[in-house]
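No experiment lies behind these values; they were computed from the predicted model shown. Ligands are counted one by one from 1 in listed order, and the atoms in each one are counted from 1 as well.
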Amino acid sequence: MKACILAQPAPVEKNPLVYSDVATPDPSDGQVLIRVRACGVCRTDLHVVEGELAPRKSPVIPGHQVVGTIERNGPGASKYPPGTRVGVAWLHRTDGACEFCRAGKENLCERADFTGYSVDGGYAEQLVALEDFVYPIPENFHDLQAAPLLCAGIIGFRCLRLSGIQHGGRLGLYGFGAAGHVAIQVARHWGVEVFAATRDERHQKLALELGAVWAGGTVAEPPHKLDAAIIFAPAGEIVPAALKALKKGGTLILGGIHMSPIPALDYNLLYYERTIRSVANNTRQDGHNFLRVAAEIPIQTQVEAFPLIEANRALNALKNDAIRGAAVLQIGNQAKSR
Ligand SMILES: [Zn+2]
Ligand SMILES: [Zn+2]
């Protein structure tokens with residue numbers, strides 16, 4: 001099969017992914033072999049490819065927002081008949097045994113594996129995943145539109161939930177890429193007023209189109225104090241500005257897996273019971289809950305499609321804020337040839 005392989009992390013400007021032929025993986029116990037139709041491009045992929053996240057497997061095939069169909073069940077896998085359309089997300093496997101798993105916090109598992117990072121992911125024509133960790137995709141989404149739901153969507157949903165934002169509340173979104181453009185639709189559905197702070201003017205425009213009441217630069221001050229804010233951009237220097245925009249008792253959620261250093265904070269920014277909380281991974285329950293809500297709303301993702309062979313170009317565009325909504329690799333148009 002064809003896949004984009006990362007042998008050695010490097011700046012994406014150097015096009016480190018190599019499009020090549022690799023052996024099709026064989027599904028082992030409890031696994032399914034999936035034929036990939038679309039794979040979303042996430043900022044985390046950028047962190048993996050550029051080495052901001054220390055390598056866990058090398059070489060590795062990135063990609064953890066996979067939509068595809070089950071080609072074949074491995075030994076002991078029987079939940080889904082071949083042909084079922086499923087999604088694969090970041091959480092590949094948990095041990096089910098550590099203190100966090102036992103406490104219902106599998107997103108914090110001590111021995112988790114992650115798709116496209118510690119195991120091969122979806123920048124490929126096929127991949128294997130555990131049947132217990134795949135998600136049936138609601139029928140109303142096309143493959144390309146569904147892909148960004150699997151990380152940008154699920155993580156954004158967990159951020160919204162942990163922010164405690166309620167109907168009638170005011171929410172700030174800092175950074176308005178794939179996650180922001182989905183989160184705003186959920187927030188609007190909940191009757192929340194959204195304020196979008198993002199450096200790119202095209203992203204500000206998109207936020208307004210999607211119902212933000214205000215859009216401005218990342219350190220511009222929103223016209224109202226906020227009940228909660230979520231930072232999706234990986235830039236620590238936004239933290240003081242976001243804290244400053246919060247009401248007393250407000251919550252700031254940090255939604256990224258990696259962030260540049262946070263500058264020294266004036267305690268007054270945090271005082272009055274403001275909270276800063278990071279979000280790490282997601283539980284399977286988050287995924288199932290979000291996909292149900294996404295289908296009910298229904299969420300409309302805006303995507304820019306790239307062929308698999310152009311994964312480097314997609315990552316460069318993401319790094320340069322040049323994607324409106326989410327970048328998605330379209331894979332296997334030639335699926336008839338299987
Ligand atoms: Zn665990
Ligand atoms: Zn992701």
Side-chain angles (χ1 to χ4, degrees), residues 4 6 12 17 30 36 38-50 52-53 56 60-67 87-123 127 129-130 132-135 144 146-160 175-183 230-234 253-259 278-287 290-291 294 299 301 303-304 311 314-315 317-319 323 325-329:
C4 283
L6 178 73
V12 287
L17 292 175
V36 181
C39 184
V41 177
C42 176
R43 188 164 287 279
T44 297
D45 302 339
L46 201 51
H47 297 317
V48 169
V49 169
E50 298 203 309
E52 281 141 341
L53 297 179
R56 291 265 304 262
V60 69
I61 300 171
H64 59 270
Q65 305 189 85
V66 182
V67 175
V88 181
W90 174 242
L91 195 63
H92 172 82
R93 187 194 67 93
T94 56
D95 64 2
C98 74
E99 65 168 296
F100 299 103
C101 284
R102 281 185 282 119
K105 299 175 183 174
E106 67 178 358
N107 60 305
L108 304 179
C109 177
E110 297 278 20
R111 281 170 291 274
D113 272 314
F114 299 106
T115 314
Y117 181 40
S118 66
V119 299
D120 285 334
Y123 287 18
L127 90 165
L130 287 153
D132 287 342
F133 285 79
V134 304
Y135 303 87
L144 290 176
L149 301 176
L150 288 155
C151 181
I154 295 173
I155 296 292
F157 184 69
R158 186 174 172 87
C159 290
L160 282 170
F176 202 82
H181 102 288
V182 175
I230 303 170
I231 300 183
F232 290 119
I253 298 291
L254 310 183
I257 193 169
H258 168 82
M259 187 177 242
S278 68
V279 162
N281 314 317
N282 64 276
T283 64
R284 280 172 280 179
Q285 196 60 52
D286 289 323
F290 169 67
L291 288 170
I299 297 283
T301 53
V303 302
E304 195 172 329
L315 286 167
L318 177 63
K319 188 174 181 178
I323 303 288
V328 178
L329 302 176

Taking the Zn ion (ligand 2) as the centre, how many protein N/O/S atoms fall inside a distance shorter than 2.8 Å? 3
Sequence neighbours excluded, the answer for ring pair (Phe, Tyr, Trp, His ring centres under 6.0 Å) partners of F133 is none
Can you name the side-chain contact (heavy atoms from CB on, under 4.5 Å) partners of N282, sequence neighbours left out? Y135, I154, I155, R158, D286
Check whether any side-chain N or O of N107 sits under 3.5 Å from a backbone N or O of N281 as a donor-acceptor pair, and report yes or no. no
Y117 and W90 aromatic ring geometry - parallel, tilted or perpendicular at 30°/60° bounds: parallel
At a cut-off of 2.8 Å, list the protein N/O/S atoms near the Zn ion (ligand 1), residue plus atom name. D95 OD1, C98 SG, C101 SG, C109 SG
Would you confirm whether R93, through its side chain, and A129, through its main-chain N or O, come within 3.5 Å as a donor-acceptor pair? no
May I ask you to test the I231-M259 pair for a side-chain heavy-atom distance under 4.5 Å? yes
Are side-chain heavy atoms of V36 and Y123 found at a separation under 4.5 Å? no
Can you establish whether the number of heavy atoms outside K105 located under 6.0 Å from its atom NZ is more than 12? no
Between L150 and G87, which heavy-atom pair has the shortest distance, and what is it? CD1-CA, 3.8 Å
